[in-house]
There are 2 protein chains.
Amino acid sequence: MELNDATIREPQPNRRPGAKRVVNEARILAAAEEVFAEAGYAAASMAAIAERAGLPKANLHYYFGTKEQLYRRLLDTIVDGWQETMDLFTADSDPAEAFRLYIADKIEFSRRRPRASKIFANEVLHGAPHFLSALQGRIRERFQRHCDVIDGWVREGKIAPVDPHHLFFVIWASTQHYADFDIQVPALLGKKSLAPEDYRAATELITRMVLATLGLETGATR
Amino acid sequence: MELNDATIREPQPNRRPGAKRVVNEARILAAAEEVFAEAGYAAASMAAIAERAGLPKANLHYYFGTKEQLYRRLLDTIVDGWQETMDLFTADSDPAEAFRLYIADKIEFSRRRPRASKIFANEVLHGAPHFLSALQGRIRERFQRHCDVIDGWVREGKIAPVDPHHLFFVIWASTQHYADFDIQVPALLGKKSLAPEDYRAATELITRMVLATLGLETGATR
DNA sequence: GTCTATATATCGATAGAC
DNA sequence: GTCTATCGATATATAGAC
């Protein structure tokens, strides 16, 4: 379709066809992330998402079909970038530096996108009905390869013997705790919300715990 | 009321009056723990709880009034026993032994009552609407006293310097992970469900991490 | 105390006018 | 493409017979 007078009735004639779809889908996804994180999948309502997106409820179904399709689209985008961070665990990377960067990255994600972390936590908490097959399939396969790298470091004597699976479970649990429990943590610290120094304290403690366990502690805790 | 012929129409005449109430409330609470854990508060239905308890839906309202009252009763009983375990952190207890026992106890709770842990996690995850005031009040006060004990150990040189708040956050996150994420953990391990040795591996790793961080590692990892 | 029947509200999803 | 009106299902809660 050419951009001539025939397109004059289009709301934004200077954009390519479908531009409005892109904008509206982004608005809906942003609203959906908020509502799904606050309420959970089952309790989230399409009406609430529509209201927060500033669109009629029927538009959501026009763009995404069903509530489940909208949710899965959101869940996929969250998890896709999830494992990429783990790619810094390669056979020839420096163990201490790799764990340092990984933990800092995970805490930073908890600070910047707590809602994404909460959506994932809620999904797993209630049996991962939309995600179990991926978890048993591609997610596990990639996770196992990263664990193999850690096992290699152990065999080479670069780090103390450790079960990499459980080590990652502890790192994930600890770092994601600062997103998923971001109501409880400041409440127990007697604060209204978490400040940058709280995230820094968490990063340093978790890093120190991991490095000490692996015999990589360089001495001072900084 | 005497146990004479006048009581013959009672279903269980040998029990005291109100015994049936006790039995039915227990059945309802047990069913509610399952349904609330699987679905979350908002998505759990009184009909589902009634079905699992083997009682008509109206009986639940007769015994507990509203869905929220039933939920709060359940939440309170869960959290009440929660902090008691922390009482083994006293000024004159042995630090290494206290953390060893505490972590083992937390993992054992995750293994035996994963649903209780999930109900609590779901509550906090979605803003703790039924629990925030307790969290900012009595829970925090008691937590702070336990943190003061740890601070005392640091001043006396019994353990390496550490922020007790964040240390407990990491311990809670790691131990409760094996309940709240009990779908993900076996899936990533390539198992159908967690075996006793998995919980033992988790306990030993978390204990080792904490003791190493506090300078309490006795040498061999066992 | 127990349970059927139902009131009222809200859910996801869609038909159909524009 | 957009939005109003509405359908059928399901939610919490309760009235009232037993």
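Chain naming here is simple, since letters A, B, ... match the order of the sequence lines and numbering starts at 1 in each. Just so it is clear, the structure is predicted and the values come from calculations on it, not from any experiment. Any value given below was found using the heavy atoms of this structure, including those in side chains, with hydrogens, waters and symmetry copies removed.
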Rounding to an integer number of Å, can you tell me how far [X] [atom1] sits from [N] [atom2]?
| X | N | atom1 | atom2 | answer |
| --- | --- | --- | --- | --- |
| Phe36(B) | dA11(D) | CZ | P | 13 Å |
| Tyr41(A) | dG12(C) | OH | P | 9 Å |
| Glu51(B) | dT10(D) | CD | C1' | 14 Å |
| Lys67(A) | dT10(C) | NZ | C1' | 12 Å |
| Met46(A) | dT6(D) | CE | P | 21 Å |
| Gln69(B) | dT12(D) | CD | P | 15 Å |
| Leu60(A) | dT2(D) | CG | C1' | 13 Å |
| Asn59(A) | dA13(C) | CG | C1' | 14 Å |

Could you tell me whether the phosphate oxygens of [N], OP1 or OP2, come under 4.0 Å of any side-chain nitrogen or oxygen in [X]?
| X | N | answer |
| --- | --- | --- |
| Tyr63(A) | dT2(D) | yes |
| Tyr62(A) | dC3(D) | no |
| His61(B) | dA13(D) | yes |

Measure the acute angle between the ring planes of [X] and [Y], then classify it against the limits of 30° and 60° as parallel, tilted or perpendicular.
| X | Y | result |
| --- | --- | --- |
| His166(A) | Phe169(A) | perpendicular |
| Phe36(A) | Tyr41(A) | parallel |
| Phe99(A) | Trp153(A) | perpendicular |

Check: Arg21(B) main-chain N/O paired with Asn24(B) side-chain donor or acceptor under 3.5 Å: no
Nearest-nucleotide 5' precedence on DNA chain C, Asn24(B) against Lys57(B): Asn24(B)
Sugar-phosphate, base or nothing in reach of Ala44(B), heavy atoms under 4.0 Å: sugar-phosphate
